[in-house]
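Accompanying notes for the structure given below.
A quick note: this is a predicted structure, and the numbers were derived from the prediction, not measured.
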Amino acid sequence: RSSVFLFFFWLLGVVCSLIPLHAKVQHFISYFRHTYPTFCTFWTYSVFVANLFLLFSQNACPVQDASFLSKILFWWFSGLVFKGYRSPLQAEDLWSLREEDTSEKIISDLEEEWTAERTNATVNLEPNHNGWMWSATEESSQMLSCIRNQQISSYFIVPSFKPLSFSFYLSLLLGFMKDEDAPLWKGYFYASLMFLLSCLQSVFNHQYTYTCFTVGMRVKTAVMGLVYRKSLVVNSASRRTCTVGEIVNLVSADTQKLMDFVVYFNAVWLAPIERHVLFDLFQQLGPSALAGIATVIFIFPLNGFIARQRSKLQEIQMKYMDGRVKLMNEILNGIKILKFYAWEKAFLEQVLGYREKELKTLKKSQILYSVSLASFNSSSFLIAFAMFGVYVLIDDKNVLDAQKIFVSMALINILKTPLSQLPFAMSTTMQALVSLKRLGKFLCQDELKPDNKVSTRLLNTQSGNKCPSLSNFPLTYSVFWSRISVRVPCGSLVAVVGHVGSGKSSLLSAILGETEKRSGAVSVKGSIAYVPQQAWIQNASLQDNILFGREKKESWYQRVLEACALLPDLDNLPAGDATEIGEKGLNLSGGQKQRVSLARAVCRKADVYLLDDPLSAVDAHVGQHIFNKVIGPKGILRDKTRVLVTHGMSFLPQADLILVLVDGEISERGSYQELLNRNGAFADFIHTFASSERKECFSEASQRGNITVTQFSFSGDTNSITIEPLPDSDEDHIPEDLGKLTKVDKARIGRVKLEMYIEYFRTIGLPLIVSIVFLYAFQQAASLSYNYWLSLWADQPVINGTQLNTDLKLGVYGALGFAQGIAIFGTTLAISLGCIIASRHLHLDLLNNVLHSPMSFFESTPSGNLLNRFAKEIDAIDNMIPDGLKMMLGYFFKLMEVCIIVLMATPFAAVIILPMAFLYGFIQSFYVATSCQLRRLESVSRSPIYTHLNETVQGASVIRAFNEQSRFIMGANHKVDHNQTAYFPRFVATRWLGVNLELLGNGIVLAASILSVMAKGTLSPGMVGLAVSHSLQVTGFLSWIVRSWTDVENNIVSVERVKEYADTPKEAAWSIEGSSLPPSWPQKGTIEFQDYGLQYRKGLELALKGISVHIKEREKIGIVGRTGAGKSSLALGIFRILEAAKGQIYIDGINIAEIGLHDLRSRITIIPQDPVLFSGSLRMNLDPFDAYSDEEVWNALELAHLKNFVSELPDKLNHECSEGGENLSLGQRQLVCLARALLRKTNILVLDEATAALDLETDTLIQSTIRSQFEDCAVLTIAHRLNTIMDYTKVIVMDKGHIIEMDSPSNLIAKRGQFYYMCREAGLL
């Protein structure tokens, strides 16, 4: 490691050696022969010392091993810049994080602090009407306190080095210019000292900023880690108030605002500290300086008021942003339903509604911000105007000469940077406080209580205690439970039955400890495996989904696959069990998802199995196979404790204990035979509904002894759109991406193209851009004019101890200054409004591009990639680009003004300024290639964080049940660290550029000073003061230009990433203008397929081959076939989710390929297998366009057997559905989907196993409702249960994409074809 002391030792050694070296050289020249040995010895020593110095200073390794000089000048970073310039950087080129920057180190320390803060706060809690809660202020202060305790040691170093000696040496230099007898060496000495001080200022400033960014990065890591960990332990009630969209906003927008706060915060307290400059002004101007103090005192309350107002607006804006991102997340999760129902426009309008409110609030905030910026940027003028005005007006003898004016201006300019930073600092502080409050609120949400269940390890597997037991246990969930007491015997199979919404899933939640306990206890002995009602599938390979973090044991793994009927599926997958599964199992059917979910549980070898209706989504014969092989008395779980929620009556005779739930109470319990013997409600129900199902399943077992599972493949189910077996050719060569589904978020390479800037500025509009440029030019012209006016004032001769026309001079000075202030306000407001216009267009384009994309796009694009665009990238376009543009343009025009002033005073400075400008441009272009690529790498590495978070929140109950929290936390840590490996070099790159450019820029200070000294006789003190005082600001301006320019260039990457989806494939038009489609189409509901073929992707085998069939009006068609036969592909073709590969489909004689997608999809109806609800009112979920009256909605609910349930809700139709409809049971959600279909009442209805999650009694009622209500319609039912279609007009039997049989059920049975054998297999004959 480098030593600071050794560095200075060798540095001083080299410097001190220069004087004797010079003497020895002179001596050697004079007396070469006599002193040769001595000279050689000294020269060797000097070279040795210099080499040691260079050895320590030029080590270009990363920061941990860099030398002191390399660290303070960031030379250790040069290697990466050169590498990025030669070729685009890749993720593998980046350094790994230092240990102190890793998630594990930061979060472990912060968690202790946070826990301690919460514990301390709990002692002081006061109850309110909502229970025990923290106030928002306390939440923020706790969060802030934790961050402060963790990071304070490395944060508050010297925040700025603004030596007041600048003004002192400027005063000496101006005194030198007035003193005609002063020796020249003094002038050069003062000029050199000013150059040295400028260099020291640059070094200190950039070290300070580097420290700020490092702390900001750690704060981001800490907050993301805490939010992720909290999302794993938050209870169900709190989970419903904290949607995925809000949590994504917390780790994207809110963490960014905290990082900005860390960087800018010191300016809040630094600016007031630097008010002591005013006391130095007192020495120059006497009591008149008090006018400057009064001006500052006026500016601060005004901006304090503005900051408070903006804080309120910020809260409102973030609320709208939360709503927008939450809605986008739900749209992405339910995109297939939106496309089936043609609801994209309704949800697009909802998103745009949130967006308009968000931008309206942002506009108000930006107007206030413009006032704040104008007041602060005009502050140096206002202070000078007040002081000079009072100074000359109180006494005619008060003369403003060059020394007074320009020393005062130099002192005021010391205030300029902190005062210009102060609006940004106050803005970011205000935004950070809002974000802290939001974070604190989330982190203080109620968590699952450890005592909800008591888990004990199973010491003796034969002890007979391997059981969950419940006693005296009222719970709060979607229903409120009465007291329940039950003990589950060891190794037994317990079946839980009951109507929809009776509390079956809530019972399992109680055993898992997921519900709130009011009294009693839940005791579980041994480990738990859980199969939820809606399968939770990760975006990972099939094998990873099943193993779920456990080591693979081949024999057991194969046994599990066989038992869960998954082996035939693997044979048809492109890469077997290494095939990637999309998010939420997008490319699997409902049955396949359930089998994978079940296999994950079985693979665990747990002691207790909680199975929430895992057999509802599979075909009857597959369900029987799984029951026999896995769950039943002869299954591989036969020795385990199993709690099975089921609607399948055929499994009940083999259960050891049956619990019948009614409205949260156990109405009956006992074995199957005991319940039948009691002749109660359960026995009546069994006699009425279950005979056919028992026959269906038991005849199969008696006839065949064991079931043969038919071939399953991924190609034919409703949801399986992407994965297909590849052609069998070239079997030996297996491509690496075989089975790969999702596309990784890839970074573009090279600099951001000029077209992207043009695209961005085109959306702002040429008139606004011209006005912005004009206002900036006017603003700086006014500034230049009043500064030049001051120099003329300073050079005016003094007559009889006074200056003439001081009132006129003061009036002109004031007029020019106030004109500049108005121009600053106009400029910042114009930029803000222009950027809001651009942001609105870019968001609208992104939203339209995404919603017009086909289903295959959503299957191959992780939701994190899209949420990243809608959250972080849009936030950057809303806030970062406008702020960067304001700063960059402001400082650029100020720099131009300084250069003009220096050139006016000393034209020879052009010899230095022009080459330096070219050098700056070269270094900037050299660096931007690296910087932009780092920004892209940081952006693409952020998407997996959101995807992982989204997945975790939705699967939290499964992760907790399997006790896999630590593995998922490690995964989150890895993803955050991977993101930070790109972020760390990104901000170091800015420091590297800044410090090196500023060292060059300090040459302008040196040039202005030296040239002024050289031209002593020809320059007036006024011009020298003007030139030198302004050249002192060059390094500060350059620093901020570099920073803001880089920010703009980096954030334009957000525009680039938002525009990426403009070029992806799109669906056909939603509607076609001038279409002659009759309003009542389709009137008859006839459907005709003509040689129809369909494929999932180009180059793959057709999933439907030459289908030709005519469906007449009012016909009821059942579509049957083995899994993968192409049943659901017909539905996808009718709705044009997939376009025809060949042939046509005609509905009522019109070719559906020639009409708009919405014209088609809105006129036909589907009830899908997966019931999807969106957050919002129940009425919105039924009728998002408000096309039906309340009476019609209630009628549909009555027919769907939901009227009683909805009428008992406090808000009835306005009942708020939580995200994904989680506050309704799965069965109730399926009934809502049925109500949608009854409301639309189109002449064509497609049913895709729509009643799988319903109990048998409700299923029977629903089937009779469908038969009566859709009697005049054509109904196509994709059937898993053959008994539901035995009374249909016709049955289509499909196999491998062909129709092999089609006739009435009775005729098909009489023909003894494949349908006959299917009916025999199902026990219906």
Side-chain angles (χ1 to χ4, degrees), residues 231 234-250 252-253 316 318-341 343-358 438 441-442 445 477-478 501 534 536 583-584 847 850-851 858 863 866-867 870-871 946 949-957 1168 1170-1186 1193 1197 1202 1205-1206 1209-1226 1228-1233 1235-1236:
S231 68
V234 72
N235 67 17
S236 56
S238 300
R239 167 70 186 86
R240 284 196 284 275
T241 62
C242 306
T243 62
V244 175
E246 288 173 29
I247 297 170
V248 167
N249 263 353
L250 288 176
S252 59
I316 296 167
M318 290 304 294
K319 186 180 77 174
Y320 291 137
M321 186 179 174
D322 281 346
R324 175 173 61 82
V325 177
K326 177 187 81 170
L327 187 57
M328 274 314 305
N329 183 59
E330 292 192 71
I331 286 172
L332 297 175
N333 288 343
I335 189 68
K336 180 175 275 188
I337 299 300
L338 259 62
K339 290 194 176 298
F340 272 135
Y341 288 135
W343 279 1
E344 292 102 324
K345 280 185 182 175
F347 280 82
L348 183 139
E349 291 301 323
Q350 283 189 47
V351 173
L352 292 181
Y354 278 117
R355 182 67 179 154
E356 280 306 310
K357 290 174 184 174
E358 187 184 348
R438 286 159 49 78
K441 183 181 177 185
F442 174 72
Q445 291 284 355
Y477 203 61
S478 56
Q534 270 194 303
W536 175 70
E583 278 186 81
K584 305 175 196 69
L847 187 60
V850 168
L851 290 182
F858 295 97
S863 62
L866 296 167
L867 284 178
F870 280 103
Y946 302 151
L949 179 65
N950 195 348
E951 213 167 53
T952 301
V953 171
Q954 290 173 345
S957 59
D1170 290 327
V1172 175
L1173 267 62
F1174 302 92
S1175 61
S1177 69
L1178 189 61
R1179 197 191 196 297
M1180 186 279 293
N1181 272 285
L1182 291 167
D1183 178 25
F1185 292 101
D1186 281 332
V1193 173
L1197 288 172
L1202 272 176
F1205 168 74
V1206 176
L1209 295 171
D1211 298 325
K1212 297 185 169 49
L1213 287 178
N1214 294 321
H1215 173 70
E1216 197 68 20
C1217 297
S1218 63
E1219 192 172 20
E1222 287 182 1
N1223 54 348
L1224 298 177
S1225 74
L1226 187 66
Q1228 287 166 336
R1229 298 204 289 275
Q1230 281 201 325
L1231 293 178
V1232 170
C1233 291
R1236 285 175 185 161

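Of all non-hydrogen atoms in G334 and F1174, the two that sit nearest each other are O-CZ, 3.9 Å. S231 and F442 get closest at one heavy-atom pair: N-CZ, 4.2 Å. The minimum heavy-atom distance between Y946 and S252, with the atom names listed, is OH-CB, 2.9 Å. Listed here is the closest heavy atom pair of Y341 and C1233: OH-O, 4.1 Å.
Side-chain contact between K326 and S1175 is present, with at least one heavy-atom pair separated by less than 4.5 Å. Contact check for L338 versus I331: side-chain heavy atoms found under the 4.5 Å cut-off. Between P1171 and V1232, every side-chain heavy-atom pair lies at or beyond the 4.5 Å cut-off. Side-chain contact between L866 and M328 is absent, with no heavy-atom pair separated by less than 4.5 Å. Contact of the Q534 side chain with the R1229 side chain is registered, since non-hydrogen atoms from C-beta on lie closer than 4.5 Å. Between Q954 and N333, some side-chain heavy-atom pair lies under the 4.5 Å cut-off. At least one side-chain heavy atom of L1224 sits under 4.5 Å from a side-chain heavy atom of F1205. Using a 4.5 Å heavy-atom cutoff, the side chains of R1179 and D1186 are in contact.
Checked against side-chain hydrogen bond (donor to acceptor under 3.5 Å, both in side chains), E1216 has no partners two or more places apart in sequence or in another chain. The side-chain hydrogen bond (donor to acceptor under 3.5 Å, both in side chains) check on E951 picks up nothing, with sequence neighbours excluded. Residues satisfying the side-chain hydrogen bond (donor to acceptor under 3.5 Å, both in side chains) criterion with R1236, sequence neighbours excluded, are absent altogether. Shown here are the side chain to side chain contact (heavy atoms under 4.5 Å, CB included) partners of Y320, two or more places apart in sequence or in another chain: I316, Y354, K357, E358, T361. In terms of the side-chain hydrogen bond (donor to acceptor under 3.5 Å, both in side chains) criterion, S1177 has no residue partners (sequence neighbours excluded). Taking the ring-ring contact (aromatic ring centres under 6.0 Å, His included) definition, one finds that F858 meets it with nothing, sequence neighbours left out.
No donor-acceptor pair closer than 3.5 Å links the side chain of Q350 to the backbone N or O of L327. Judged purely by atom type and a 3.5 angstrom limit, K339 has no side-chain atom pairing as donor or acceptor with the backbone of E344. Checking side-chain atoms of R324 against main-chain N and O of F870 turns up a donor-acceptor pair under 3.5 Å.
Between atom CG of residue L250 and atom CG of residue L949 there is a gap of 9.0 Å, rounded to the nearest 0.5 Å. To the nearest 0.5 Å, the span separating CG on L1209 from CG on L1202 amounts to 9.5 Å. Atom CG of D1183 sits about 11.5 Å away from atom CG of L1178, to the nearest 0.5 Å. With rounding to the nearest 0.5 angstrom, the OG atom of S1218 is 9.0 Å from the CG atom of L1173. To the nearest 0.5 Å, the span separating CG on L1182 from CG on L1213 amounts to 7.5 Å. One finds the CG atom of N1181 at 4.5 Å from the SG atom of C1217 (value rounded to the nearest 0.5 Å).
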Apply side chain to side chain contact (heavy atoms under 4.5 Å, CB included) to residues N950 and V248 and explain how you reach the verdict.
CA-CA 8 Å; N950 195 348; V248 167; 5.6 Å; no
Would V850 and L332 count as a side chain to side chain contact (heavy atoms under 4.5 Å, CB included) if you check the C-alpha gap in whole Å, the side-chain angles of each, and the deciding distance to 0.1 Å?
CA-CA 9 Å; V850 168; L332 297 175; 4.2 Å; yes
What do the steps show when you test R355 against L847 for side chain to side chain contact (heavy atoms under 4.5 Å, CB included), and what is the final call?
CA-CA 11 Å; R355 182 67 179 154; L847 187 60; over 6 Å; no
Checking L1197 against L1231 for the side chain to side chain contact (heavy atoms under 4.5 Å, CB included) test, could you report, in this order, the C-alpha distance in whole Å, the side-chain angles of both residues, the deciding distance, and whether it holds?
CA-CA 8 Å; L1197 288 172; L1231 293 178; over 6 Å; no
